[in-house]
Structures are given as structure tokens and as C-alpha cells.
Amino acid sequence: MTATRILVLNSGSSSVKYQLIDMADGSRLATGLVERIGEETSRVKHGDRETSGPIPDHEAALRAVAEELDTDGLGLDSPELAAVGHRVVHGGLRFTAPTVVDDEVLEEIERLVPVAPLHNPANITGIRIARALRPDLPQVAVFDTAFHTTMPEYAARYAIDVETADAHRIRRYGFHGTSHAYVSRETAKLLGKTPEEVNVIVLHLGNGASASAVRGGVCVDTSMGLTPLEGLVMGTRSGDIDPAVVFHLSRVAGMSVDEIDELLNKKSGMVGLCGDNDMREVVRRAVEGDGAAQLAFGVYVHRLKKYIGAYSAVLGRVDAVAFTAGVGENSAPVREAAIGGLEEMGYAVDADLNSVRSDEPRLISPDYARVAVAVVPTDEELEIAQQVYALVRA
Ligand SMILES: Nc1ncnc2c1ncn2[C@@H]1O[C@H](COP(=O)(O)OP(=O)(O)O)[C@@H](O)[C@H]1O
Ligand SMILES: CC(=O)OP(=O)(O)O
Ligand SMILES: [Mg+2]
């Protein structure tokens, strides 16, 4: 029997998404999600089965995933399993392609924890647990940063002293690369073109959020930087701020570096502005006239618009802008507000098309618009599975 199944673990800062995919026919044998890890009521959703209860950390979450798979006879001991694919958020300068994890690779991923403190530890836990359960199986890391390694040096560099930057590997890496790669290709497909023929702005708007400019299938700029903190306004992260805010908080407010880190990563963004990080809740409150929610929505959309403008300039010619991830795929008000007012630049959204709910890639711009506006569901797990399968089969 040839092993054709890939288990994909996508560990986020507070969730684990997973899929078991049979690459022989593309069938999804299991799909699930553990969310609100570390909160009082975590939720495990495995296909149609749903349970809730406390899941204190990623280790417990991954053990719950293994149990769910076991219950269905699809556990890690299955001989049909070819490999486990792990989303790893930060790959630094070294990892530009999917990589089989050995002790030395794991050490390097660990060394990158300071630049992805919310993510790499969870990814490492996933690798450790899967490896302990099936030591003989290839564990393959697929890096969020990989797709962005094509950025030109002038987009990747910060304008700070070169020696200092180089000594500490300070540069813009970019994240969500698996999603930006997948969605930019799917957008080309939706337009009936090859990736090489089109320039696309991808807006990955989940809990973490980032934009990218993709020219002919190649990433030329992205909004996240050294860490996943830069750029767009996110659920709990500030995105772009004047770096002097940090000095000010230290010198004038007397905060420690760790406190400032926590403030900007976990208590800012939509949560900081209005107390809610779920866009559904923010929009509901804003519609009811809640001032804080209206302001938070305004700040979120204003930042998004600025990046659409910036990447229109970077690309020169834009064929499509694609909305993806939790907010991008589901929030018609965000899409409408972000594109509204950009008609002179060739962007427009058709209200009826925008209000359609669907899991399929689709256009939401009117025929006359010069630039296609699209909603393209991301599929990081499928993209990871394909990259992993290509590697282990080779
Ligand atoms: N129906 C919806 N309408 C608006 N926003 C939604 C909807 N469903 C999910 N979201 C938003 O998507 C976010 C999660 O997106 P997701 O891509 O799953 O994020 P992550 O992978 O970072 O956990 C939620 O926090 C919420 O703000
Ligand atoms: C890199 C990043 O921000 O990932 P996520 O959106 O899963 O938190
Ligand atoms: Mg995500």
C-alpha cells in the first residue's frame, strides 16, 4: 500500500486548524479546529462533532486532535499516512522551501521564537507531539515567510543602520505566505489567466492580517515585517505605529519592554480600540450606533485603504484585489468600506454581488470596473499538504 495521506497542522496563536487529506484523490478525510485555547471554554470541532471545555495550551489541543483522529480510525498510527505537514510561521532567512524537520531544524525554528513569540512555540509543540507519536514519519515544516523571500531588497530593508540590521537579521520577512501564494494563484484562475499574467493585491484578513503585492505570481511587497506585528490593524495587534510610541511608553509611562510587547500584540488592534476582536461583533455594535465600535471599524478600514493605495502604486497595474481569510471572506461591510471611494482608481464593488454568501471564489466588482475585486477563500491546509506531498514523494 502506498501512503498517500497528509495530516496538516496549522497552529495559530490561539487555535489549531487541522486536516487529513488523501492526495491520491484530494479527499478530505478529516477537518477540524480547536479554538480559544487558553480560555475558560475552548471548543473542539471535528467534522460535525463538537465539544467544549477547558484546553489550557497547545499541547492539550494537539492531544485532543490526536484523540479525535483516533476515534475515527484515522490516528497517527495509520500506515496510509505519508507525512505530517506543519505550518511554521517564522523561517527567518534560512528556510525558503518546505523542510523535513530534524533536531537541528527544530533548534533553528526555536531560535526564531523571539521574532514570532505568539506562533513559533505553538508550531514547535505540534512538531514535538507528532514526532513523539510517529517517530518514523517525516515531519515537514512549511513556512509562512517562504513566499515573501522574493521581495526586492528595497522592500525588505528597513531604513536603519545596515550593520546593526545585519548583525541582528533585522529585515522585513512577511507572513501568511502560504495563503498569499494560494490565493494569488486562485485569483488568476478566476480571471482565466495564468499567475504569470496577472498582478494581484491579496488582503488576508483573519485574526492576524496582512496585505501583499504579487506581480506575475511573485511577491514584491507585504505588510508584515520582522514579526507579524507590522502593517494592518488586526484583532489584537496594532499594526503600523510610530516606533517612538515604544520609547514614549517606556520613558514616560514607565512600562517594561515585555509590557509594551503585550500591549501591542495582545491588547491593541480591534480589542484595544473597542473591546471586541470579532469583526461580526464590531459591525453589529457599530450598526447599533456604538461609537467605539464605529471608530474601530473606521481605523481598520482606513489602514486597509492605505495599503490598497500603496500596493496599487507598487504594482503600477493591478488586475485584481482579492479578499481572503475570516474577515475578508465573510465581512461584506469591510469589503464595501475598503473599496468605497476608490472608483477613480478603477476599483468598485457591486452591492448585490458583495452580499452573496458562498465558499467559492467569486467576483464582486461590476463589469465596468477596470480592476477585478474578488473574494477568494484561502486554503492554507491544502497548500501545505500539496507542498509536503511533493517533497516526500520526490
Ligand atoms: N461571518 C463573519 N463575518 C465577519 N467576520 C468574521 C465572520 N466569521 C469570521 N470572522 C472573522 O474572522 C476572524 C477569524 O479569521 P481566521 O482567518 O479564521 O483567523 P486566524 O486564522 O488568524 O485564526 C474572526 O476573529 C472574525 O473577526
Ligand atoms: C502570522 C500570523 O499573524 O498568523 P495568524 O493570522 O494565524 O495569527
Ligand atoms: Mg490564519
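Numbering of ligands and ligand atoms starts at 1, following listing order. We're numbering straight along the sequence, starting at 1. Below, each value reflects all heavy atoms present in this structure, side chains not excepted, and no hydrogens, waters or symmetry copies.
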Check residues 244-252 and write down every donor-acceptor pair under 3.5 Å in which the side-chain atom is one partner and the other belongs to a residue at least two apart or another chain.
none

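Listed by chain and number, residues touching ligand 2 at under 4.0 Å (heavy atoms only) are Arg87, Val89, His119, Asp144, Phe175, His176, Gly208, Met224, Pro228, Arg237.
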Ligand 1 N/O to protein N/O, distances under 3.5 Å:
{"from": "ligand 1", "atom 1": "8 (N)", "to": "Arg280", "atom 2": "NH1", "distance (Å)": "3.4"}
{"from": "ligand 1", "atom 1": "12 (O)", "to": "Val327", "atom 2": "N", "distance (Å)": "3.4"}
{"from": "ligand 1", "atom 1": "17 (O)", "to": "Gly326", "atom 2": "N", "distance (Å)": "2.9"}
{"from": "ligand 1", "atom 1": "18 (O)", "to": "Lys17", "atom 2": "NZ", "distance (Å)": "2.9"}
{"from": "ligand 1", "atom 1": "19 (O)", "to": "Asn207", "atom 2": "N", "distance (Å)": "3.1"}
{"from": "ligand 1", "atom 1": "21 (O)", "to": "Lys17", "atom 2": "NZ", "distance (Å)": "3.0"}
{"from": "ligand 1", "atom 1": "22 (O)", "to": "Asn207", "atom 2": "N", "distance (Å)": "3.1"}
{"from": "ligand 1", "atom 1": "27 (O)", "to": "Met279", "atom 2": "N", "distance (Å)": "2.8"}

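The nearest pair of heavy atoms linking Arg317 to Glu197 is NH2-O, 3.3 Å. Considering all non-hydrogen atoms of both residues, Ser331 and Val283 come closest at OG-CG2, 4.5 Å.
A side chain to side chain donor-acceptor pair (under 3.5 Å) check over residues 284-295, counting only residues at least two apart or in different chains, returns the pairs Asp276-Arg285, Glu281-Arg284, Arg284-Glu288, Arg285-Asp290.
For His58 and Thr125, the side-chain atoms include no donor-acceptor pair closer than 3.5 Å.
Not a single donor-acceptor pair under 3.5 Å links the side chain of Thr236 to the backbone N or O of Ser268.
Here Met270 contributes atom CE and Asp278 contributes atom CG; the two are 10.0 Å apart, rounded to the nearest 0.5 Å. One finds the CZ atom of Arg393 at 8.0 Å from the CE atom of Met23 (value rounded to the nearest 0.5 Å).
The environment of CD in Glu163 is sparse: at most 12 heavy-atom neighbours from other residues, nucleotides or ligands sit within 6.0 Å.
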